[in-house]
Amino acid sequence: MDRFFKTAEPLSYGMVREIYRTMKSEHIKRQQSNTIWKGFWDDFITKRQSILKLLKGGRNVLFFTLIEMVRVITFCFVYLAEIQNTPTRESWFQIDRSNGSFATLILLSYLTLISIAIRLILADNATQTIRSPLLWMNFTIACAFIVLNALPNNYGHNIYVPYFLTALEFIPTLKIILLSRSRWQFLNMSALREKMVILVANVVLVIYMGVCLFDYFETNFNYILDKPSLANSTILDKAYFLVITMSTVGYGDITPRSTGGKLCVIAIIMYSLVVFPGLIADMQETFNQQKSGSGAYIRGSSPYFVICGDFHSDSRIRDAIDLIYHHDPKKKSQIVLLSRHKITPAMKLMLNEIRFRNRVFFLQGKGLDVEDMRRVDLKFATAAFILANSAVVSAVQEDQQNTLRAWAFDDFSPNTPLYVETLLPQSSVILERTTTGCVCLDELKQLFLAYNCLYRGVGTLIINLLQNVPVFTSFHDPWHAQYGDGAANEFYESTMNPVFIGQSFTQVAFFLFKEYQIVLCGVNSYHRDSRKRLVRLNPGPTYVLQKDDTCFIIAPSQKDMMQANKTTHEHFSQFFPKREQYFRMESLLRPRSSEDLQELDQHYTEYLVAFPEHVNTYGASPLCLVLPKPLLSVDEMLVENGLFLKNHILVCTGDFNLFHFICTLRSAHLSQMEFKSILILCPHEPTMDEFRLLAQFPLIYIMVGDAQNRNVLEQAGIQVADKVVVVNMHNKSNQNLNEQDAHDGFADSPSIMIAHAVYDMFHRSGIRKTTIIDLEKRSNVKFLRPSSRKMTRGKKKEGPDFEADIVHNAYYTPMYGAGRVLTTSMLEKVLYKLYFQPSILSVFRSICGLHVKVLSLNIG
């Protein structure tokens with residue numbers, strides 16, 4: 001293990017954990033093995049893992065593939081040179097071969113054996129690779145030449161070997177190059193050109209194979225020499241005959257005379273009639289799909305997801321692709337985009353990228369008509385998603401339109417799982433019964449912003465668990481390594497390992513953490529009295545795991561989950577006799593007594609603990625501290641300045657849509673230090689409906705003013721404020737901003753300017769004022785201070801793409817890592833996550849203390 005830590009280059013904790021997991025697994029296998037050969041094999045497997053990491057790099061794989069292509073092409077040219085230089089032959093198993101050609105073939109044979117060895121090393125499934133007919137064909141040809149070279153008196157130099165068959169590897173190798181050329185810009189091409197290349201390559205391959213076969217049969221087995229035939233003809237004559245044969249013209253000036261030649265003609269004509277039309281039709285379909293999107297999706301054997309929404313931002317598609325393929329390692333799924341607008345040039349350019357080609361299909365439609373649903377073949381879709389456009393002027397109108405789309409989808413295909421994204425919590429309440437899952441972006445955003453206020457970075461932690469954050473192996477700063485290790489953790493739902501059935505929850509949680517560094521945080525159990533499934537978070541040592549329980553686990557990768565599922569009874573039983581002292585914790589895990597609760601609540605005797613009013617209209621809410629009698633007038637809440645406050649939370653906002661934000665900051669479980677006064681700084685007074693929502697909470701003040709004015713911030717008491725929160729500044733405060741500017745990212749400009757103003761007011765004095773900012777676009781995080789680019793200026797780069805990966809990645813910026821910024825686009829992955837993990841939203845709502853209804857979940 002020490003050799004991995006003595007490297008001069010920075011090493012991520014993820015790599016260390018991967019090394020530890022591999023060594024731990026091999027150590028367990030060695031303990032179970034009683035033979036020397038087994039230990040030797042385990043050592044080989046361990047070394048093989050490190051070799052694979054080196055060879056499986058993107059550039060290395062493409063480099064090996066290009067060498068393979070050169071080898072195949074060289075074989076082809078050597079064979080063509082042989083048949084051109086040998087017009088007549090004495091026997092069907094002999095050929096006049098020069099010493100130079102034979103030496104070249106020997107060299108290529110050794111390269112073939114090396115290629116086979118590398119292919120087996122790089123293969124994810126070596127058994128399937130060994131079964132490949134092409135591999136055995138290459139192995140046989142290579143061994144034949146090596147054996148012929150060993151024959152005495154150069155007898156084997158003139159023995160015929162049909163090594164032209166190596167050309168069959170040309171098409172598979174070409175496809176690998178086209179699929180793995182993302183780092184080679186000169187090989188980049190559109191999807192249509194890629195189809196054309198494949199078609200031309202197939203034509204060339206058929207012509208080459210036909211030339212070689214006809215030359216062999218017509219030269220060795222043609223006994224009719226009184227008519228023109230392919231015997232003694234040039235390569236050009238043979239190619240000419242094949243072209244007119246495949247085109248079904250057939251002049252008849254050259255005809256095959258041997259039986260083998262006639263069989264070749266039959267095979268080539270059948271191949272031309274069956275294969276080439278399919279390739280041409282595939283190319284035509286690709287051409288149609290590159291148009292404006294007026295066509296229809298043609299369903300194949302692959303599963304596909306339908307996503308309906310507005311796709312001005314390419315990050316939406318990239319996030320969907322990343323998450324869906326994260327749960328689909330074989331990457332067989334396809335995505336059908338149903339856009340409300342025509343495809344943009346930027347979208348066309350993105351869809352031509354390698355990762356999206358032949359996987360993402362763009363169609364234009366409103367998503368309301370039956371014809372649109374037929375075009376996307378909605379009835380056979382794996383799942384359908386309806387996305388909300390957060391850049392619209394009217395969130396109410398956007399949710400109303402998406403509600404109609406959801407009802408239309410459900411009416412057309414009720415059996416297709418449907419997931420809808422809303423902007424307002426009121427809309428989520430309406431859609432609960434007609435959709436499989438519904439996510440309110442505004443609710444999640446306010447919830448995580450509030451928790452970042454209460455506990456630094458908690459919102460960032462939860463968001464990282466809800467999605468797959470990019471993982472890097474090299475970093476500019478040491479904090480990137482530690483943060484990247486935590487960010488790599490994800491939330492998983494897993495069936496119960498039979499070994500853990502009947503065991504204490506706490507024991508199993510301790511075992512999984514110590515042995516596999518994964519966290520068992522709860523279970524989804526069946527409640528027999530209510531006949532419903534209940535989410536239980538950390539049920540404690542008294543809870544015994546049942547057979548039908550679903551485990552909630554936080555783990556860095558799927559590999560850790562697989563290792564835990566392989567736990568045996570022997571491994572689990574041998575772990576605990578040495579660690580009984582860890583489970584003498586009844587006093588630490590006992591529930592709070594009534595005396596503890598009275599001591600906790602002694603500071604809030606003047607408030608009530610209850611659910612706020614209108615909770616049924618605005619969705620889930622925690623138990624809150626509310627006033628016994630709500631305020632009756634806005635004047636009771638309005639203040640001219642905030643100079644009388646101290647250690648308060650200053651909220652700079654463009655509107656008063658802050659219900660879930662305020663609920664979280666008035667949760668009943670907060671301590672006296674966490675319970676702070678809130679001053680809302682807004683350009684206008686609240687409406688009566690907005691006031692009624694705020695009037696039930698204690699210590700809420702409103703000041704009218706523009707937060708972009710530094711004097712107004714001074715009057716709001718920013719000097720003595722504990723935290724500054726900038727939220728909803730892209731809404732009513734920017735009414736003159738049109739929708740296109742909002743798509744371009746300018747809707748975030750007020751929030752960014754306020755953040756810079758706060759930074760400039762304090763950074764010279766050395767005071768770090770905690771500012772938590774709400775943005776729309778993830779790419780705008782780079783405009784906040786301190787930026788990653790400024791912090792890494794003058795530092796050594798680790799590679800050509802390193803800076804683009806780390807510095808421009810919002811998830812690795814200091815502002816986001818510290819829990820000081822949150823963007824709406826970061827929350828959109830939650831909608832896709834609901835399909836793969838139905839309980840994930842209920843779990844995290846429970847973590848945040850939200851009051852949610854218990855739903856019956858059918859988990860297969």
Between the CD1 atom in Ile553 and the CG atom in Asn489, the distance rounded to the nearest 0.5 Å is 12.0 Å
Just by distance, do the side chain of Asp410 and the backbone of Leu418 share a donor-acceptor pair under 3.5 Å?
no
Heavy-atom nearest pair, Phe611 first then Pro622, reads CD2-O, 3.7 Å
Subject >> Side chain proximity check, Asp549 to Asn524, heavy atoms < 4.5 angstrom >> reply: no
With Phe305 as partner, the option from Tyr835, Tyr419, Phe380, Tyr832 fulfilling ring-ring contact (aromatic ring centres under 6.0 Å, His included) is Tyr835
Note to self: Has Gln446 got a side-chain atom pairing as donor or acceptor with Phe661's backbone, closer than 3.5 angstrom?
What the structure shows: yes
Exercise for the section: Without swapping roles, check the side chain of Asn497 against the backbone of Val499 for a donor-acceptor pair under 3.5 Å. Expected result: yes
All heavy atoms of Gly459 vs all of Asn452, minimum pair found to be N-OD1, 2.8 Å
query = Just wondering, do Val420 and Phe409 contact through their side chains at under 4.5 Å, heavy atoms?
reply = no
request  = Consider only side-chain N and O atoms of Asn780 and Glu776, and report whether a donor and an acceptor are under 3.5 Å apart.
outcome  = no
Would you say that Thr460 contacts Tyr811 through its side chain, given a criterion of any heavy-atom pair below 4.5 Å between the two side chains? no
Practice item. Run the numbers on Asp442 and Cys440 for side chain to side chain contact (heavy atoms under 4.5 Å, CB included), then give the verdict. Key: CA-CA 6 Å; Asp442 185 73; Cys440 177; 4.0 Å; yes
Here the pair of heavy atoms bringing Gly540 nearest to Phe505 is O-CB, 3.5 Å
Between Ile773 and Leu449 the two heavy atoms that sit nearest each other are O-CD2, 4.1 Å
Are His341 and Gln364 close enough that some pair of their side-chain heavy atoms sits under 4.5 Å apart?
no
Residues Phe412 and Arg374: closest non-hydrogen pair is CZ-CG, 3.8 Å
>> Is there a side chain to side chain contact (heavy atoms under 4.5 Å, CB included) between Asn402 and Ile386? Walk through the geometry before answering.
In response: CA-CA 7 Å; Asn402 283 334; Ile386 299 178; 3.6 Å; yes
Heavy-atom check, side chain of Val396 versus side chain of Leu424, under 4.5 Å: yes
d(Glu421 CD, Asp399 CG) to nearest 0.5 Å is 9.5 Å
Any ion pair linking Asp774 and Lys445 (charged N to carboxylate O, less than 4.0 Å)?
yes
Answer yes or no: is there a side-chain heavy-atom contact under 4.5 Å between Ser494 and Asn565?
yes
Does Met826 form a side chain to side chain contact (heavy atoms under 4.5 Å, CB included) with Thr823? I'd like the steps, not just the answer. CA-CA 6 Å; Met826 291 177 176; Thr823 69; 2.9 Å; yes
Next item on the list: Please check if any side-chain donor atom of Glu493 sits under 3.5 Å from a side-chain acceptor atom of Thr550, or the reverse.
Entry: no
* Asked: Mind checking whether Phe844 and Leu447 have side chains closer than 4.5 Å, heavy atoms only?
  -> no
Please check: side-chain N/O of Arg405 versus main-chain N/O of Lys366, any donor-acceptor pairing under 3.5 Å? yes
Inset, instruction - Keeping the roles fixed (side chain from Gln546, backbone from Val544), state whether a donor-acceptor pair exists under 3.5 Å. - result: yes
Rounded to the nearest 0.5 angstrom, the NZ-CG distance for Lys777 and Asp748 is 8.5 Å
### Task
Verify, without hydrogens or angle tests, whether Tyr304 (side chain) and Asp377 (backbone) share a donor-acceptor contact under 3.5 angstrom.
yes
Rounded to the nearest 0.5 angstrom, the OH-CG distance for Tyr451 and Leu665 is 9.5 Å
Of all heavy-atom pairs linking Val376 and Val306, the shortest is O-CG2, 4.0 Å
Pairing of Glu398 and Arg340 as salt bridge, 4.0 angstrom limit
yes
Q) Should we say atom CD of Gln397 is surrounded by more than 12 heavy atoms from elsewhere, each under 6.0 Å from it? A) no
To the nearest 0.5 Å, atom OG of Ser525 lies from atom CE of Met496 at 9.5 Å
Between Asp655 and Asn728, is any side-chain donor less than 3.5 angstrom from a side-chain acceptor? yes
Does a donor on one side chain and an acceptor on the other come within less than 3.5 Å for Asn464 and Tyr816?
yes
Should we say atom OH of Tyr455 is surrounded by more than 12 heavy atoms from elsewhere, each under 6.0 Å from it? yes
Exercise. With the side chain counted from C-beta on, respond yes when Leu431 and Trp407 share a heavy-atom pair under 4.5 Å apart, and no when they do not.
Key: yes
| Is the shortest distance from a Lys or Arg side-chain nitrogen in Asp319 or Arg778 to a carboxylate oxygen in the other one below 4.0 Å? | yes
TODO: Assess whether side chain to side chain donor-acceptor pair (under 3.5 Å) is satisfied between Thr506 and Tyr543, documenting all intermediate values.
DONE: CA-CA 8 Å; Thr506 305; Tyr543 181 80; over 6 Å; no
message = For the backbone of Ser333 and the side chain of Ser302, can you confirm whether one donor and one acceptor N or O come within less than 3.5 Å of each other?
response = no
The reported gap from CD1 in Ile518 to CD in Glu515 (rounded to nearest 0.5 angstrom) is 10.5 Å
* Start with the C-alpha distance between Leu822 and Ile463, add both sets of side-chain angles, then the distance that settles side chain to side chain contact (heavy atoms under 4.5 Å, CB included), and finish with yes or no. => CA-CA 9 Å; Leu822 186 146; Ile463 293 175; 3.2 Å; yes
